[in-house]
Amino acid sequence: MLYRLWLLFFTFAKIAALVLGGGLAMLPVIEETFVNKKKLLTGEELLDVVALTQTVPGIIAANAAVSIGMKIAGFAGAIAALTGAVLPSFVIILTIAILFPSLSPDNIYWLGAFAGIRAGVTGLIAATALKIGKNTLTGKFEAIAAAILLGAALYGINPGIIIIAAIISGATYCRICAARMNKKATDRVLK
């Protein structure tokens, strides 16, 4: 158990210190560590965590840390993972605030560094989206729903409305499928 707590703390501390771009950019590192190497989560469980952390309010990285920590080591795991996810960012921001109170927004080196960071983060998020899409878009319903909701997002519809629409459409689809299965089973019994 202690091993899992240290693993959660140090993995999330490493992610928070080294992976720029927030919650979605950290997913490839989480997948590599907890799904591929340590086998403490399945790919399906990680997809559930992604879905959950996207739908609840708060910081994606903290939500993911709490959810993953809870799955792997219970309440203590949630605390260890959350502490690891928050501590490096807190220390880095505090250090920047103390040492660099007058960072010039015209500094070409800072501007260049942030341009590179934005490009790198965009690539990481795109790679994560492709991986999630490959594992999630397994049928016609998922593909059609994703396309419609992507269009809604690009059109500027509020993300909260998109999430609610996704929940309603998914629940409706499952209900229709269940009703069809029950009808087929009933028809077989009556024959």
Side-chain angles (χ1 to χ4, degrees), residues 6-38 40-41 43 45-69 71-72 77-137 146 149-160 162-163 166:
W6 282 111
L7 177 69
L8 286 162
F9 174 80
F10 284 117
T11 300
F12 278 99
K14 176 180 74 174
I15 290 168
L18 301 176
V19 176
L20 302 171
L24 294 177
M26 69 186 222
L27 289 176
V29 180
I30 291 173
E31 180 181 31
E32 182 63 26
T33 303
F34 294 112
V35 176
N36 298 337
K37 286 184 180 174
K38 301 296 181 183
L40 294 172
L41 291 173
E45 288 173 323
L46 183 60
L47 285 176
D48 291 343
V49 167
V50 171
L52 175 67
T53 59
Q54 294 293 314
T55 57
V56 296
I59 303 167
I60 293 172
N63 292 345
V66 168
S67 183
I68 290 169
K71 278 190 176 300
I72 292 175
I79 297 297
L82 180 61
T83 304
V86 172
L87 188 61
S89 299
F90 176 77
V91 171
I92 290 167
I93 294 298
L94 186 62
T95 303
I96 289 171
I98 292 169
L99 298 177
F100 304 106
S102 59
L103 286 175
S104 172
D106 299 328
N107 184 318
I108 61 168
Y109 299 108
W110 281 110
L111 294 174
F114 284 115
I117 289 169
R118 283 192 301 270
V121 167
T122 300
L124 287 172
I125 291 172
T128 301
L130 290 173
K131 283 183 184 178
I132 291 171
K134 183 176 135 188
N135 293 328
T136 302
L137 305 177
L149 296 172
L150 173 63
L154 293 175
Y155 187 69
I157 304 295
N158 182 306
I162 292 172
I163 300 268

Distance check, rounded to the nearest 0.5 Å: [X] atom [atom1] versus [Y] atom [atom2]?
| X | Y | atom1 | atom2 | result |
| --- | --- | --- | --- | --- |
| Leu149 | Ile163 | CG | CD1 | 9.0 Å |
| Ser67 | Ile60 | OG | CD1 | 13.0 Å |
| Leu41 | Lys71 | CG | NZ | 7.5 Å |
| Lys37 | Thr11 | NZ | OG1 | 9.5 Å |
| Ile68 | Leu8 | CD1 | CG | 8.5 Å |

Does [X] have any side chain to side chain contact (heavy atoms under 4.5 Å, CB included) partners at least two apart in sequence or in another chain, and if so, which?
| X | value |
| --- | --- |
| Thr122 | none |
| Ile79 | Phe75, Thr83 |
| Ala153 | Ile162 |
| Ala78 | Val66, Met70 |

Do you know which two heavy atoms are closest between [X] and [Y], and how far apart they sit?
| X | Y | answer |
| --- | --- | --- |
| Val35 | Gly43 | CG1-N, 3.8 Å |
| Ala81 | Gly69 | CB-CA, 4.1 Å |
| Gly84 | Ala16 | O-CB, 3.9 Å |

* Asked: According to the salt bridge (Lys or Arg N to Asp or Glu O under 4.0 Å) rule, which pairs have a member within residues 48-63, sequence neighbours left out?
  -> none
* According to the interplanar angle, ranging from 0 to 90°, do the rings of Phe9 and Trp6 count as parallel (below 30°), tilted (30 to 60°) or perpendicular (above 60°)? -> perpendicular
* For Asn158, all residues meeting side chain to side chain donor-acceptor pair (under 3.5 Å), sequence neighbours excluded -> none
* To do: Name all residues meeting the side chain to side chain donor-acceptor pair (under 3.5 Å) criterion together with Lys14; count only those two or more places apart in sequence or in a different chain, and write none if there are none.
  => none
* Is it true that atom CG of Leu52 has more than 12 heavy atoms of other residues, nucleotides or ligands lying nearer than 6.0 Å? -> yes
* Asked: Stepwise, does the side-chain contact (heavy atoms from CB on, under 4.5 Å) test hold for Leu27 with Ile132?
  -> CA-CA 10 Å; Leu27 289 176; Ile132 291 171; 4.1 Å; yes
* Asked: Who are the ring-ring contact (aromatic ring centres under 6.0 Å, His included) partners of Phe34, not counting sequence neighbours?
  -> Phe12
* salt bridge (Lys or Arg N to Asp or Glu O under 4.0 Å) against Lys131, all qualifying residues, sequence neighbours excluded -> Glu31
* Taking Thr53 for its side chain and Val50 for its backbone only, find out whether a donor-acceptor pair lies under 3.5 Å. => yes
* Side chains of Leu7 and Leu40: closer than 4.5 Å at any heavy-atom pair? -> yes
* Side chain proximity check, Asn63 to Val49, heavy atoms < 4.5 angstrom -> no
